[in-house]
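One-based numbering along the sequence shown. Since the model is a prediction, treat every value here as computed from it, not as a measurement.
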Amino acid sequence: MSMNIDDFENDNLPPLLRRPNPVPDPVPVAQLRGARKVLLDNPANSLDEDASSVVSAGAVDPVRLRRLVEAQGDMSDCGLLMDKPVVGGTLYTIPPHQRYLDLDVLPDFVNQRWAHKVHTAMDVEPATAVPVTYETLVDEETGEPRALFVVHLADRKALAAAVTESMRMTFEAEGGKNVYTESVLQQGIKEPLTLFMVRVVYGDGTEETYTVAGDGNSRLVSMWLARTGGDIDAAAAACVSAVIGPVDRQGPRRAADQRASRAKVTEMAARVRRGLAERTLTEATRREGHTLTFPAMVVVGARTEDGSRLPDLVAARDDLVANLHVHVTPWTGGAQNTQGMQRVYRHALRNGLVSDGCYQVLLGKVGPGAMHESLGVPPHRLWATAVHQHAVLAGRRADQMNLLIKQEFGMGKADRQRVSEHLAPMALSSYRSSERIDAAARAFGNGGTITDTVWKQPWELTTGSDALKVLDEILERAEKGEAAARAELIVLGGTAAILDGYITRDRGSKLGITRDGATAPLRFTPNNLLTLLASTGGGRRMLHSIAYAHVAADPGILPKQYHTVDREIDGVIVRDGEAIHDKAGAMVTIDYEWDLVHAANPVEAEAAIIENRKKLRNNSGKGGTTTPEDVRQRRILEETINNARKAATTLAKMTQTHARGREVFGSPDGVDVLRQQLKNVDDILSHYGPARTTLLDLDDEGDGGDA
């Protein structure tokens, strides 16, 4: 009986564009030795025996695989292996061939495209996912690098957690734009994935080897989503169960474990073949049939231009993926800048531009205490941001770092704006848990602290164990005219001001005539504002005060305002550097960005305020309107209530999934205070709000009938 594609439609699934192919059962491991041997004999191969076994074990057609990896003629001929030019040499891959999804294939958990959001060891809040670092595997016996990555993890639970996080973050990236589940269910995977070999070394010395997606990670995750019905948690659990196996297993994988994994794939292949014989494909047949196998290319060799083994597979991998996708990490600018700067730091370490201790701080692998022991700077995460800035911006090293940044990001010129933009996610990485981090990164990326005093000038970080005393010492030296101390004050005080919201990204919409949190009398980029502040005694004291309050983290210690010019105010002569007092004699605190901008140039600020006021008055006279105060307050009320409702709803959902349960709302006393505040708002609305003047006709509402 003839069939057509319409016979396989299902209203609950996307339209079927191509039927799954019947797939043979995986052959026993013993029958794969021939394919492994010819791969090991290939002169371009840089894998060891274990990795070569994994390559051959996952192939659907071992006979075809053997033909693809067998060298022809003399030893200089790599046969059918495909050469992929990269920086420093060539990668060799097996041409596209079918592989089983369930056999030793993991998503990209090593080159995490969300690492710019992961909390580092410097952060005050512990990381929910530890960034996995990977390096080129070096053979212990020969000392030669292999075409293998090595990853060190505590145990299989840590591997499972990394894989799960990888799949979740891939699923959530860009609002689901990189999810191809429906496409998989319609026609399977057509474009081959590029796989790299990864050796996972656990804390007890046990080792396991997997293939990991280098290119095509979204497609790989989408296959697991298609198989399990679209739920990412179910997809991640299925991947971990099928590929890694029991996470509490001790010791290396045994032959019996491999046989069990292959037996499950055999059962699935048999189910798919039986399902394909039916006139109408079942949902299970479509899901398993289109996700049982996929086309892939596996990187098996890495050679330099002179034929020796490539020493830096990490850089080669990134260059290959960048060539395929224009950007190494095409999802977000933050991910691109984070990974790019990580590579810059790795090259800087290799070139002797930074020490190993500094490198550990730059990557966020150590906490404040270890940073102090290694570098001598105060044990506070604000100094971690300064370590980044010192490594990239200070002294003669800055020119070499500038060259590395230009090479990494493909720029003809690396000016302050571009350098600050690329540096921002890494420089502020110890504050990723902060609610202000996104705004702070934008401000830092808008010139940041890169003033003439900081940029390519000789300055060092003052050492000491007491952060507050170190800040006092820096201010004292800066007041004596020491340029290096002023640079340090700009870096520490300026970064603290950016982190605490006293300096934001320069925007024209901030111009205003009143002192509040949303306006400024003048427009300054962060680095220009810091330049002006650092040029006056009062400005330097304000930067010191901001950094001091930031480090102290005490509600009783707030940053204070200082006069920045000598002038007469209300008949009293004030001097640059003197504290500003209110009528009660108390020192005035820095509350808004307005305060810093006004202090940077008080005379010009006053003139700008007058000019801005004239513009508003003229616009109003020409028919323009300003927002009435009652309208503005209603908008604030509505937005605040909406935000409160959204926050309460989110926390309510978290009670079902978070380990703390209902404690995510905080303490019972705190919740009672919030409820009382909400009741007070309700009482005000009821008492002072407008009364209804008409009665609702309830009979006219609804559908008019009893449901």
Side-chain angles (χ1 to χ4, degrees), residues 449 451-453 468 471-483 485-494 496-498 500-504 506 510-552 554 556-614:
T449 63
T451 66
D452 287 342
T453 309
L468 299 181
L471 287 173
D472 289 341
E473 178 187 340
I474 294 171
L475 176 63
E476 182 179 354
R477 290 177 12 233
E479 291 291 70
K480 293 178 180 179
E482 186 178 323
R486 291 190 179 183
E488 199 174 359
L489 189 61
I490 289 171
V491 166
L492 292 168
I498 289 173
D500 292 340
Y502 297 121
I503 296 179
T504 62
D506 182 26
K510 293 192 301 186
L511 292 179
I513 59 174
T514 57
R515 174 180 178 263
D516 61 40
T519 62
L522 295 171
R523 294 182 61 184
F524 288 122
T525 56
N527 55 316
N528 287 333
L529 175 60
L530 290 171
T531 296
L532 290 172
L533 290 173
S535 66
T536 65
R540 292 189 290 272
R541 287 183 177 276
M542 293 174 79
L543 291 176
H544 168 269
S545 185
I546 291 172
Y548 196 98
H550 178 90
V551 172
D554 184 340
I557 300 177
L558 298 174
K560 301 297 193 297
Q561 293 188 43
Y562 293 84
H563 293 289
T564 55
V565 294
D566 296 344
R567 59 175 177 161
E568 181 179 331
I569 300 178
D570 295 332
V572 178
I573 300 297
V574 296
R575 303 295 182 185
D576 176 20
E578 291 182 354
I580 298 177
H581 293 84
D582 61 16
K583 293 181 179 180
M587 286 188 65
V588 179
T589 60
I590 300 172
D591 297 319
Y592 306 118
E593 184 174 19
W594 174 287
D595 302 328
L596 288 183
V597 174
H598 193 284
N601 194 329
V603 176
E604 188 176 344
E606 293 294 343
I609 292 171
I610 295 173
E611 187 64 27
N612 293 336
R613 186 176 289 114
K614 288 180 180 179

Undergrad: Please name the pair of heavy atoms, one in T449 and one in G494, separated by the smallest distance, quoted to 0.1 Å.
TA: CG2-C, 4.1 Å
Undergrad: To the nearest 0.5 Å, tell me how far L543 CG sits from I590 CD1.
TA: 8.0 Å
Undergrad: Can you sort out the partners of A579 under side chain to side chain contact (heavy atoms under 4.5 Å, CB included), two or more places apart, ordered by chain and number?
TA: Y562, H581, M587
Undergrad: Got a sec, which residues hit salt bridge (charged side-chain N to carboxylate O under 4.0 Å, His left out) with E611, two or more places apart in sequence or on another chain?
TA: none
Undergrad: Could you go through residues 563-573 and list every donor-acceptor pair under 3.5 Å that involves a side-chain atom there, pairing it with any protein atom two or more places apart or in another chain?
TA:
from : atom 1 : to   : atom 2 : distance (Å)
T564 : OG1    : A599 : O      : 2.5
D566 : OD1    : D576 : N      : 2.6

Undergrad: Of the non-hydrogen atoms in P521 and L511, which two are nearest, and what is the gap between them?
TA: O-CD2, 3.6 Å
Undergrad: As an exercise, state the distance from CD1 of I474 to CG of L492, rounded to the nearest 0.5 Å.
TA: 5.0 Å
Undergrad: Can you tell me if D516 uses its side chain to pair, donor with acceptor, with the backbone of A518 under 3.5 Å?
TA: yes
Undergrad: Using the test side chain to side chain donor-acceptor pair (under 3.5 Å), find all partners of E488 that sit at least two apart in sequence or belong to another chain.
TA: T462
Undergrad: Side chain to side chain contact (heavy atoms under 4.5 Å, CB included) with A600: which residues, sequence neighbours excluded?
TA: F524, L529, L532, L533
Undergrad: Find the distance between NZ (K614) and CD1 (I609) and round it off to the nearest 0.5 Å.
TA: 13.5 Å
Undergrad: Applying side chain to side chain donor-acceptor pair (under 3.5 Å), name anything that partners E476, two or more places apart in sequence or on another chain.
TA: none
Undergrad: Give the minimum heavy-atom separation between A496 and A547, together with the two atoms involved.
TA: CB-CA, 3.9 Å
Undergrad: For residues 594-608, which residue pairs qualify under salt bridge (charged side-chain N to carboxylate O under 4.0 Å, His left out), counting only residues two or more places apart or in two chains?
TA: R515-D595
Undergrad: Taking T451 for the side chain and T531 for the main chain, is one N or O donor matched with an acceptor at less than 3.5 Å?
TA: no
Undergrad: Rounded to the nearest 0.5 Å, how far does CD of E593 lie from OG1 of T504?
TA: 3.5 Å
Undergrad: Only counting residues at least two apart or in another chain, list the ones meeting salt bridge (charged side-chain N to carboxylate O under 4.0 Å, His left out) with K583.
TA: none
Undergrad: If you round to the nearest 0.5 Å, how far is CG of L471 from CD of E473?
TA: 10.0 Å
Undergrad: For T525, check side chain to side chain contact (heavy atoms under 4.5 Å, CB included) against everything at least two apart and list the hits.
TA: N446, D506, N527, N528
Undergrad: Hey, what's the ring geometry for H544 with Y548, parallel, tilted or perpendicular (30° and 60° as the breaks)?
TA: tilted
Undergrad: Tell me which pairs pass salt bridge (charged side-chain N to carboxylate O under 4.0 Å, His left out) where either residue lies in residues 527-538, with sequence neighbours left out.
TA: none
Undergrad: Quick check: does any side chain N or O of D582 sit under 3.5 Å from a backbone N or O of V588, one acting as donor and the other as acceptor?
TA: no
Undergrad: Using atom types as modelled and distance alone, determine if a side-chain donor or acceptor of Q561 lies under 3.5 Å from a backbone N or O of T589.
TA: yes
Undergrad: What residues, two or more places apart in sequence or in another chain, satisfy side chain to side chain contact (heavy atoms under 4.5 Å, CB included) together with S535?
TA: none
Undergrad: Heavy atoms only: give me the nearest A485-A478 pair and the separation to one decimal.
TA: CB-N, 3.5 Å
Undergrad: Kindly give the heavy-atom pair with the smallest separation between L522 and A608, and that separation in Å.
TA: CD2-CB, 3.4 Å
Undergrad: If a pair satisfies salt bridge (charged side-chain N to carboxylate O under 4.0 Å, His left out) and one of its residues is in residues 524-543, list it, with sequence neighbours excluded.
TA: E479-R540, E479-R541
Undergrad: Minimum heavy-atom separation for G493 and I546, please, with both atom names.
TA: O-CG2, 4.0 Å
